[in-house]
Amino acid sequence: MSIFEEYIRQMDTYVPGPEPPLREPERQLWFTCRVRSLVAQRAAAAGRPLTACVRTFGCQMNERDSEKIRGILLAAGYVLTEEEEADLCLYNTCTVRENANMKVYGRLGLLGNRKKKHPDRVIALCGCMMQEPTAAARVRETCPFVDLIFGTHNLYRFAELLAAVLSGNGPVCEIWDKPDAIVEELPAQRTYAFKSGVNIMFGCNNFCTYCIVPYVRGRERSRTPEDILGECRSLAADGVKEIMLLGQNVNSYGKNLETPVSFADLLRQVNEVEGIERIRFMTSHPKDLSDDLIEAMRTCGKVCPHLHLPLQSGSDALLKKMNRHYTRDQYLRLTDRLRSAMPDLSLTTDLIVGFPGETEQDLQDTLDVVRRVGYDTAFTFIYSKRSGTPAASMPDQVPEDVVKDRFARLLALVQETGRERSSRFTGQVQPVLAEHVNEQDPSLLTGRLPSNLTVHFPGGASEIGSILNVRLTQCKGFYYLGERA
Ligand code: SAH
Ligand code: SF4
Ligand code: F3S
């Protein structure tokens, strides 16, 4: 029985008392039952099941949070849909860059218009953008049709908040400025049956000067290894083969636990979980990457030979202004150590162009590190001013046309070096986790190599979720075409 089915079964036999329990997660189980009966009433009145759509913006943490929200919606009797014209539409927002915010405002306008014709529809917003007081206030002022707003710290209370809205006590807005507890034992509806993210920690203490994440996700908190391993075991029992350990800075995992545990040791323990065949993790801060972790990656057979190691900038002056706590030399020495321990390791990175005060020489320094390291892929971002962060008030913000020109040059180099580096496996046979039917050609499957590159190869839907041997016949830049070996 899957974890999710187990939860539903628990709900079937669960007789809610007259008052909601005070303890979590029992309290949310009580409210999920309450939502279920309210949804059933509305469905009976409409003569059809109610539908719900959850849209996710932002990173893997938000994707994982959305899986939890979908789990609760399913348990409450909603039918999930990709269509935003649903009885309930929820946006799980991101605010890391301004354009992430703009997307949400644009779509909210559309939803508001449609709601005029369908006043029963529930519109909900959660996630990082709601943790920003100015953004939440703007939504409340300009979008009175939004029924429910909550933040990142109280996501586990979704059932309770939705119950209030469906009982006619809306609009509801509950945002906490800090977390009260880690409540993880709620149902989650995984997007993929065979792979899953697992939160190992929440929040961030690094305060890189451009970044809003520490303000909206709070201080660093780690889950205990027992909880994490327990979740990995039940996911494995539920058919999950690949696990992605999630945290803003996994390399500082475990420091604040009662009995401190290093990330390297956690990795060794997850490596022992039977049934799990692949382990990935995101994200690693270069300043905290220990030699012990390199050793754990090298020796743990299930840990994929891929490391996402955000550089942000190759200039010492900018790294200092960004508060990154490493120099370009330290970063380069680290990648040398990684490559000598694991010659085949795929490195990927994040880069920011246009940080305040950036000069042409700073850009040249970044281009130089990109050339030296040889990334498989790099995510390049234009610096976005986030209010409340130290960089927002730094002098010498770079003019837009200069940034655009620099961005284009960086992107061209990243693509050129990425193509070259990604082709190194041509001709090899590699184990590939088949993820989905190819969107353009249904006779092909799309899967992932241990290095995280994708490959398209002949196969059928019944093989999704299997690890298959594929010969990588042709590299097409950032992906391969392959045949069965
Ligand atoms: N915790 C992760 C990254 C989280 S945000 C880490 O430290 O690596 C993902 C990426 O968004 C960052 O690596 C950075 O490159 C980019 N980013 C964050 N804030 C930004 C901003 N204000 N403007 C542009 N890019 C930003
Ligand atoms: Fe943001 Fe830096 Fe924390 Fe990453 S490590 S989330 S970039 S503050
Ligand atoms: Fe965005 Fe929040 Fe992730 S701001 S990048 S969704 S932690």
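Computed from a predicted structure; not experimentally measured. As a basis for the values below, the full set of heavy atoms in this structure was taken, side chains included, without hydrogen atoms, waters or symmetry mates. We count ligands from 1, going down the list as the structure has it; atoms in each ligand are counted the same way.
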Counting heavy atoms under 4.0 Å, the part of Gln248 that contacts ligand 3 is side chain
In ligand 2, the atoms that come under 4.0 Å of a heavy atom of Cys204 are 3 (Fe), 5 (S), 6 (S), 8 (S)
- Ring centres of Phe263 and Phe281 under 6.0 Å apart? yes
Ligand 1 atoms nearer than 4.0 angstrom to some heavy atom of Tyr383 are 23 (N), 24 (C)
Does the residue Arg217 have a heavy-atom contact with ligand 2, meaning some pair of atoms that are separated by less than 4.0 Å? no
Closest to atom 2 (Fe) of ligand 2 among protein heavy atoms sits Cys208 SG, 2.3 Å
heavy-atom search around atom 7 (S) of ligand 2 in the protein gives Tyr210 OH, 3.4 Å
Under 4.0 Å from one or more heavy atoms of Arg324, ligand 1 contributes atoms 7 (O)
Of all heavy-atom pairs linking Arg190 and Lys195, the shortest is CD-O, 3.9 Å
Checklist entry - Hey, does Val213 sit under 4.0 Å from ligand 1 if you only count heavy atoms? => result no
So, 4.0 Å and heavy atoms of His285: is ligand 1 close enough to count as a contact? no
Does Cys128 bring an N, O or S atom to within less than 2.8 Å of atom 3 (Fe) of ligand 3?
no
Check: In terms of side-chain heavy atoms, does Asn101 have a donor or acceptor partner in Thr95 at a distance below 3.5 Å?
Finding: yes
The closest protein heavy-atom partner of atom 13 (O) of ligand 1 is Asp350 OD2, 2.6 Å
Among non-hydrogen protein atoms, atom 23 (N) of ligand 1 lies closest to Ser384 N, 2.9 Å
Using a distance threshold of 2.8 Å, state whether an N, O or S atom of Cys211 lies below it from atom 1 (Fe) of ligand 2.
yes
field: Ring centers of Tyr210, Tyr383 separated by less than 6.0 Å
entry: no
The protein heavy atom nearest to atom 1 (Fe) of ligand 3 is Cys94 SG, 2.3 Å
Is a side-chain donor or acceptor of Glu272 paired with a backbone partner of Gln269 at a separation under 3.5 angstrom? no
Phe207 heavy atoms within 4.0 Å reach ligand 2 at atoms 8 (S)
So the atoms of ligand 1 within less than 4.0 Å of a heavy atom of Arg97 turn out to be 11 (O), 16 (C), 17 (N), 23 (N), 24 (C), 25 (N), 26 (C)
Counting heavy atoms under 4.0 Å, the part of Arg386 that contacts ligand 2 is neither
Check: of Val250, Val96, Thr95, min heavy-atom distance to atom 18 (C) of ligand 1 comes from Val96
So the atoms of ligand 2 within less than 4.0 Å of a heavy atom of Val213 turn out to be 6 (S)
For atom 5 (S) of ligand 2, the closest protein heavy atom turns out to be Asn206 ND2, 3.4 Å
Honestly, for Pro214 the part within reach of ligand 2 (heavy atoms, under 4.0 Å) is side chain
Logged contact type for Arg217 with ligand 3, heavy-atom cut-off 4.0 Å, is side chain
Honestly, for Pro310 the part within reach of ligand 1 (heavy atoms, under 4.0 Å) is side chain
Item checked: Aromatic contact, Tyr215 with Phe207 (centres under 6.0 Å) -> yes
| At a 4.0 Å cut-off, with the gap strictly under it, does some heavy atom of Ile382 reach an atom of ligand 1? | yes
